[in-house]
Trainee: 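I'd like to ask some things about the structure below.
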Amino acid sequence: QAQLVQSGGGLVQAGGSLRLSCAASGRTFSLYKMGWFRQAPGKEREFVAEITWSGGGLSYADSVKGRFTMSRDNADIRVYLQMNSLQPKDTAVYYCAANLADGRGYGYWGQGTQVTVSS
């Protein structure tokens, strides 16, 4: 079983920064991609960023491009989301997810963490 545990999040003023972390453990030998998603109140879950674990690159939603940066540890299976120039519209529950190349897409999810940006 693959398990994803998130940390970070919190309350920050507009223009501030926050860093999220997501660690994967268990059966992750087939890890293909890890991604970040978010869900704001009354809205559907939306894609934020993703990384192809080996031999690939990064992609971002237009809404966060230039402000958010996704990265990974070299030593373990952990990804980060550095969020700069945060805006109230970024307020959401943020989730990390893993695609294990098992035909289920992003089938494994972290528990979510709240990010609140005050104006």
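Every value quoted in this text rests on a predicted model; they were computed, and no experiment measured them.
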Trainee: How would you list, by chain and number, every residue that makes a side-chain contact (heavy atoms from CB on, under 4.5 Å) with Ser7, sequence neighbours excluded?
Mentor: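 So Ser7 forms a side-chain contact (heavy atoms from CB on, under 4.5 Å) with Ser21.
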
Trainee: Could you work out, with salt bridge (charged side-chain N to carboxylate O under 4.0 Å, His left out) as the rule, every residue matching Asp73, not counting sequence neighbours?
Mentor: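 Partners of Asp73 under the salt bridge (charged side-chain N to carboxylate O under 4.0 Å, His left out) test: Arg78.
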
Trainee: So Met70 and Val79, do their side chains get closer than 4.5 Å, heavy atoms only?
Mentor: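 Yes - at least one pair of side-chain heavy atoms lies under 4.5 Å apart.
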
Trainee: Under 4.5 Å between side-chain heavy atoms, counting indirect links through other Ile/Leu/Val/Met/Phe/Trp/Tyr residues: same cluster for Val115 and Val5 or not?
Mentor: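 No; tracing contacts between hydrophobic side chains, which count when under 4.5 Å, never links both residues.
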
Trainee: Test question: given the 4.5 Å side-chain rule for I, L, V, M, F, W and Y, name all other residues clustered with Leu11, or answer none.
Mentor: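 Its cluster mates, by chain and number: none.
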
Trainee: Residues two or more places apart in sequence or in another chain: which of them pass side chain to side chain donor-acceptor pair (under 3.5 Å) with Asp62?
Mentor: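 Scan of Asp62 (side chain to side chain donor-acceptor pair (under 3.5 Å), adjacent residues dropped) gives Lys65.
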
Trainee: The test is side-chain contact (heavy atoms from CB on, under 4.5 Å); show your working for Leu81 and Arg19 and say whether it passes.
Mentor: CA-CA 6 Å; Leu81 187 67; Arg19 191 188 192 211; over 6 Å; no

Trainee: Which ring-ring contact (aromatic ring centres under 6.0 Å, His included) pairs, counting each pair once, include a residue from residues 86-119, with sequence neighbours left out?
Mentor: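 Pairs touching residues 86-119 that pass the test: Phe37-Tyr106, Phe37-Trp109.
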
Trainee: Residues in side-chain contact (heavy atoms from CB on, under 4.5 Å) with Ser59, at least two apart?
Mentor: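 Phe47, Glu50.
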
Trainee: So, do Arg72 and Ile51 sit near enough that their side-chain heavy atoms are less than 4.5 Å apart?
Mentor: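 Yes, close enough: below the 4.5 Å cut-off.
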
Trainee: Any donor-acceptor pair under 3.5 Å linking the side chain of Gln111 with the backbone of Gln6?
Mentor: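 Side chain of Gln111 to backbone of Gln6: a pair is present.
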
Trainee: Mind checking what makes side chain to side chain donor-acceptor pair (under 3.5 Å) contact with Glu46, not counting sequence neighbours?
Mentor: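 Here the qualifying residues are Arg38.
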
Trainee: Do you know the tightest heavy-atom contact between Ala14 and Pro88?
Mentor: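 Nearest heavy atoms, Ala14 then Pro88: CB-CD, 4.2 Å.
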
Trainee: My understanding is that only residues two or more places apart in sequence, or in another chain, count here; which of them pass side chain to side chain donor-acceptor pair (under 3.5 Å) with Gln82?
Mentor: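 Counting only residues at least two positions away or on another chain, Gln82 forms a side chain to side chain donor-acceptor pair (under 3.5 Å) with Asn84.
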
Trainee: My understanding is that only residues two or more places apart in sequence, or in another chain, count here; which of them pass salt bridge (charged side-chain N to carboxylate O under 4.0 Å, His left out) with Arg67?
Mentor: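 Arg67: salt bridge (charged side-chain N to carboxylate O under 4.0 Å, His left out) contacts with Asp90.
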
Trainee: Applying side-chain contact (heavy atoms from CB on, under 4.5 Å), name anything that partners Ser71, two or more places apart in sequence or on another chain.
Mentor: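 Ser71 satisfies side-chain contact (heavy atoms from CB on, under 4.5 Å) with Tyr80 once adjacent residues are dropped.
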
Trainee: Within a strict 4.5 Å, meaning less than it, do heavy atoms of the Phe68 and Leu18 side chains meet?
Mentor: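 No; the side chains remain at least 4.5 Å from each other.
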
Trainee: Who pairs with Gln114 by side-chain contact (heavy atoms from CB on, under 4.5 Å), at least two apart in sequence or on another chain?
Mentor: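 For Gln114, the residues satisfying side-chain contact (heavy atoms from CB on, under 4.5 Å) (neighbours in sequence not counted) are Thr91, Val93, Thr116.
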
Trainee: Could you tell me if the side chain of Leu100 sits less than 4.5 Å from the side chain of Tyr32, heavy atoms only?
Mentor: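 Of all side-chain heavy-atom pairs linking Leu100 with Tyr32, none is under 4.5 Å.
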
Trainee: Using the salt bridge (Lys or Arg N to Asp or Glu O under 4.0 Å) rule, collect all pairs that involve residues 100-119, keeping only residues at least two apart or in two chains.
Mentor: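 Found none.
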
Trainee: Is any side-chain heavy atom of Asn99 closer than 4.5 Å to a side-chain heavy atom of Met34?
Mentor: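 Result no, sub-4.5 Å side-chain heavy-atom pair not found.
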
